[in-house]
J.: 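My questions all concern the structure below.
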Amino acid sequence: MTMTEQPAEPAEKESACCARHDDHAGRPEAEPPEPARERVNRRWNEVLQETRVTQTGVQILFGFLLSVAFTPLFRELETPDKVIYVMTVVFGASATGSLIAPVSIHRFLSGQRMKDEVVEAAGRLMVCGMVLLALTIGCTLLLILRFVVPGVLAEVLVGGVMLWFGLCWYVLPLRLRRRAARRARRRGEV
């Protein structure tokens with residue numbers, strides 16, 4: 001029996017984590033609630049799609065980073081730039097591990113009737129991987145811009161890009177989640 005064939009648990013036994021991360025929690029009452037089995041399968045498919053998108057980007061970036069060490073210009077890097085490079089490669093390797101981990105978890109736990117736990121763990125690893133990916137991109141940008149622009153402008157530009165990542169990838173989703181929760185509370189109080 002595969003994980004998608006597991007029997008659905010009654011709605012009362014749904015874990016708090018699934019309800020907390022379910023993007024359909026604020027549905028109008030006119031719509032029938034999503035059965036637990038359908039919800040967990042939908043959430044797993046969403047994780048897989050997100051993983052595919054991020055894995056491709058991090059793997060291309062990581063491959064580029066690995067090749068840099070074998071270029072003639074790399075030997076001319078000063079110590080601070082080599083430190084930035086090492087940090088970048090470590091962040092890239094860590095991001096790759098976090099973003100590929102859901103596949104490994106699924107493979108090891110397939111058929112164990114643990115899909116809720118797999119989805120929860122995969123979601124957490126995806127968030128961790130996204131943080132590490134942002135750090136990888138920021139360090140890569142810093143390494144490149146230190147050669148292209150004069151003075152502290154490289155650090156200022158990287159700081160701006162990292163702020164933008166933080167706003168787009170973390171602040172905006174959290175703000176949207178909070179707004180949806182407020183709307184759901186208001187509907188419940190009326």
J.: Shared ILVMFWY cluster between Val161 and Tyr170, side chains joined below 4.5 angstrom?
T.: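 Result: yes, single cluster for both.
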J.: Rounded at 0.5 Å granularity, tell me how far NZ in Lys115 sits from CZ in Arg39.
T.: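 The distance works out to 11.5 Å.
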J.: Drop me the distance from Glu38's CD to Arg43's CZ, to the nearest 0.5 angstrom.
T.: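 Going from CD on Glu38 over to CZ on Arg43, the span is 14.5 Å.
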J.: Among residues at least two apart in sequence or on other chains, which ones pass side-chain hydrogen bond (donor to acceptor under 3.5 Å, both in side chains) with Arg52?
T.: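 Only Gln49 meet the side-chain hydrogen bond (donor to acceptor under 3.5 Å, both in side chains) criterion with Arg52.
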J.: By salt bridge (Lys or Arg N to Asp or Glu O under 4.0 Å), which residues pair with Glu155, not counting sequence neighbours?
T.: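 Only Arg146 meet the salt bridge (Lys or Arg N to Asp or Glu O under 4.0 Å) criterion with Glu155.
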J.: Nearest 0.5 Å please: distance from the CG atom of Leu109 over to the OG atom of Ser104.
T.: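 If we round to the nearest 0.5 Å, Leu109:CG and Ser104:OG are 8.5 Å apart.
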J.: State which residues pass side chain to side chain contact (heavy atoms under 4.5 Å, CB included) with Arg75; sequence neighbours excluded, sorted by chain then number.
T.: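 Only Pro72 meet the side chain to side chain contact (heavy atoms under 4.5 Å, CB included) criterion with Arg75.
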J.: Going by heavy atoms in the side chains, are Arg182 and Arg179 under 4.5 Å from each other?
T.: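 Arg182 vs Arg179: side chains touch.
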J.: Apart from Leu172 itself, what residues make up its hydrophobic cluster when side-chain heavy atoms of I, L, V, M, F, W and Y under 4.5 Å apart count as a link, directly or indirectly?
T.: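 Answer for Leu172: Leu176.
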J.: Can you establish whether the number of heavy atoms outside Phe147 located under 6.0 Å from its atom CZ is more than 12?
T.: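 Yes, the 6.0 Å shell around CZ holds more than 12 heavy atoms from other groups.
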J.: Tell me every residue that passes side chain to side chain contact (heavy atoms under 4.5 Å, CB included) with Ala134, counting only those two or more places apart in sequence or in another chain.
T.: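 Ala134 satisfies side chain to side chain contact (heavy atoms under 4.5 Å, CB included) with Met162, Phe165, Trp169 once adjacent residues are dropped.
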J.: Is it the case that one hydrophobic cluster holds both Leu153 and Val148, taking links as side-chain heavy atoms less than 4.5 Å apart, direct or via other members?
T.: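 Hydrophobic grouping puts Leu153 with Val148.
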J.: With rounding to the nearest 0.5 Å, note down the distance linking SG in Cys168 to CG in Leu163.
T.: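 Interatomic distance, Cys168 SG to Leu163 CG, rounded to 0.5 Å: 9.5 Å.
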J.: Heavy-atom distance under 4.5 Å between the side chains of Leu141 and Leu157, does that happen here?
T.: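 Side chain of Leu141 against side chain of Leu157, heavy atoms only: no contact under 4.5 Å found.
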J.: Can Phe64 be reached from Leu66 by stepping across I, L, V, M, F, W or Y side chains whose heavy atoms are under 4.5 Å apart?
T.: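 As far as the 4.5 Å side-chain criterion goes, Phe64 and Leu66 are connected within one cluster.
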J.: With clusters defined by side-chain heavy atoms of hydrophobic residues (ILVMFWY) lying less than 4.5 Å apart, directly or transitively, does Val156 cluster with Ile137?
T.: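 The answer is no; the residues belong to distinct hydrophobic clusters.
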J.: Going by atom type alone, with no hydrogens or angles, which donor-acceptor pairs under 3.5 Å involve a side-chain atom of residues 85-103 and a protein atom two or more places apart or on another chain?
T.:
{"from": "Tyr85", "atom 1": "OH", "to": "Leu65", "atom 2": "O", "distance (Å)": "2.5"}
{"from": "Thr88", "atom 1": "OG1", "to": "Ile84", "atom 2": "O", "distance (Å)": "2.6"}
{"from": "Ser94", "atom 1": "OG", "to": "Val90", "atom 2": "O", "distance (Å)": "2.9"}
{"from": "Thr96", "atom 1": "OG1", "to": "Gly92", "atom 2": "O", "distance (Å)": "2.8"}
{"from": "Ser98", "atom 1": "OG", "to": "Ser94", "atom 2": "O", "distance (Å)": "3.4"}

J.: Looking only at non-hydrogen atoms, find the nearest pair between Leu77 and Lys82 and report the distance.
T.: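 Minimum heavy-atom separation between Leu77 and Lys82: O-CE, 3.4 Å.
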J.: Should Leu145 and Phe74 be regarded as members of a common hydrophobic cluster, given that ILVMFWY residues are connected when their side-chain heavy atoms come within less than 4.5 Å of each other, either directly or indirectly?
T.: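 Yes, same cluster.
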J.: To the nearest 0.5 angstrom, please state how far the OG1 atom of Thr140 sits from the CZ atom of Phe62.
T.: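 If I round to the nearest 0.5 Å, the distance is 11.0 Å.
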J.: CZ/Arg42 to CD/Glu46 distance, rounded to the nearest 0.5 angstrom?
T.: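 Atom-to-atom, Arg42:CZ and Glu46:CD are 4.5 Å apart.
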